[in-house]
Amino acid sequence: GDHWDLHSFPTRRSSDLKEFLYDKIGDDDCIFIRPDQGDKIFTGGVVAKENWDKEYEIMGIYDVPPQEICLISSPCNIDREWRLVIVNNKPIAWSQYKPEVVRDTPKEVIEYANKIIKDVGPYKSLPVFIMDICEVKGYLKLLEIGCFSVAGLYNCDAKEVVKNINIAAIKEWKDYQ
């Protein structure tokens, strides 16, 4: 389907729940774990059960506040990924970045982004953000929503990005005057 089998836990609790996570969520004794915030307080990735202690330490989770939430799911192979720049809740530039970096992006990806924009939680109030969408087994899925200021643009139309962010910035400045 077009939804992830995704679970969230306080980061420190994920270590206590190791057996449960691999038994109920894991696939081939692997899970995918990542932070749920755009600032990525730790680096996420696929963690094999046999390497749990080593990977858990490498991901920097030991220094993460205990209340920090992480997202955990079964790992899967992603066929393609796209980055979209969203300004005032509209996709204004996009680029495929996996398996190769190209500007061409199917209209279905942009339509899917518009569908998701209607319900993106706290990011909806931001004038500019990044949305990554992926294709897995023929289904489009939201991969990540993140902060524009720390994201790469890949092959997005930089002129379109600058033009639209400039318009948004001027509008925001005028709204506060």
Hits for side-chain contact (heavy atoms from CB on, under 4.5 Å) against Val162, two or more places apart or cross-chain, chain-then-number order -> none
Walk me through it: do Gln96 and Asp104 pass the test side chain to side chain contact (heavy atoms under 4.5 Å, CB included)? CA-CA 7 Å; Gln96 177 179 304; Asp104 292 339; over 6 Å; no
Rounding to 0.5 Å, atoms CD1 (Ile116) and CG (Leu84) come to a distance of 10.0 Å
Taken to the nearest 0.5 Å, the spacing of Cys147 SG from Leu126 CG works out to 8.0 Å
Cys156 to Ser95 - nearest heavy-atom pair and separation: N-CB, 3.5 Å
Hey, mind stepping through Tyr139 and Asp79 against side chain to side chain contact (heavy atoms under 4.5 Å, CB included) and telling me if it holds? CA-CA 10 Å; Tyr139 290 98; Asp79 301 315; over 6 Å; no
Give a yes or no answer on whether the side chain of Ser74 reaches the backbone of Asp27 with a donor-acceptor pair at less than 3.5 Å. no
Following the transitive rule for hydrophobic clusters with a side-chain heavy-atom cut-off under 4.5 Å over Ile, Leu, Val, Met, Phe, Trp and Tyr, establish whether Val101 and Ile78 coincide in one cluster. yes
Would you please name every residue forming a side-chain contact (heavy atoms from CB on, under 4.5 Å) with Asn114, sequence neighbours left out? Pro91, Ile110, Ile117
Which residues satisfy the side-chain hydrogen bond (donor to acceptor under 3.5 Å, both in side chains) test with Glu160, sequence neighbours excluded? Lys163, Asn164
Find out whether Phe32 and Cys76 are in side-chain contact, i.e. whether some heavy atom of one side chain is under 4.5 Å from a heavy atom of the other. no
With a cutoff of under 4.5 Å between side-chain heavy atoms, which Ile, Leu, Val, Met, Phe, Trp and Tyr residues group with Ile165? Val85, Val87, Ile92, Val128, Ile130, Phe148, Leu153, Val161
Main chain of Arg103, side chain of Thr105: is a donor-acceptor contact present, judged purely on distance under 3.5 Å? yes
Any pair with a residue in residues 41-50 that passes salt bridge (charged side-chain N to carboxylate O under 4.0 Å, His left out), sequence neighbours left out, goes on the list, sorted by first then second residue, please. Glu19-Lys49
Checking the side chain of Asp28 only, and the main-chain atoms of Cys30 only, is there a donor and an acceptor separated by less than 3.5 Å? no
Does any pair with a residue in residues 127-136 pass salt bridge (charged side-chain N to carboxylate O under 4.0 Å, His left out), and if so which ones, sequence neighbours excluded? Arg80-Glu135, Arg83-Asp132
Among residues at least two apart in sequence or on other chains, which ones pass side-chain hydrogen bond (donor to acceptor under 3.5 Å, both in side chains) with Asp175? Lys171
Please report the shortest heavy-atom distance between Ile72 and Ile31, naming the atom on each side. CG2-CD1, 4.0 Å
Of all heavy-atom pairs between Pro35 and Leu71, which one has the smallest distance, and what is that distance? O-CD1, 4.3 Å
Just to verify, what does Tyr22 make a ring pair (Phe, Tyr, Trp, His ring centres under 6.0 Å) with, not counting sequence neighbours? Trp52
Please, which pairs that meet salt bridge (charged side-chain N to carboxylate O under 4.0 Å, His left out) have at least one residue in residues 85-98, sequence neighbours excluded? Glu81-Lys98
4.5 Å side-chain heavy-atom contact, Val136 and Asn77: no
Yes or no on side chain to side chain contact (heavy atoms under 4.5 Å, CB included) for Ile86 and Trp94, after CA distance, side-chain angles and deciding distance? CA-CA 9 Å; Ile86 312 299; Trp94 41 81; over 6 Å; no
Any side-chain heavy-atom pair of Val47 and Asn51 under 4.5 Å: no
With side chain to side chain contact (heavy atoms under 4.5 Å, CB included) as the criterion, how do Lys141 and Ile133 come out once you've worked through the C-alpha distance, each side chain's angles and the decisive distance to 0.1 Å? CA-CA 6 Å; Lys141 296 180 183 253; Ile133 293 174; over 6 Å; no
Report the distance from atom CG of Asp23 to atom CG of Leu17, rounding to the nearest 0.5 Å. 11.5 Å
Look up atom CZ in Arg34 and atom CD1 in Ile69, then write down how far apart they are to the nearest 0.5 Å. 13.5 Å
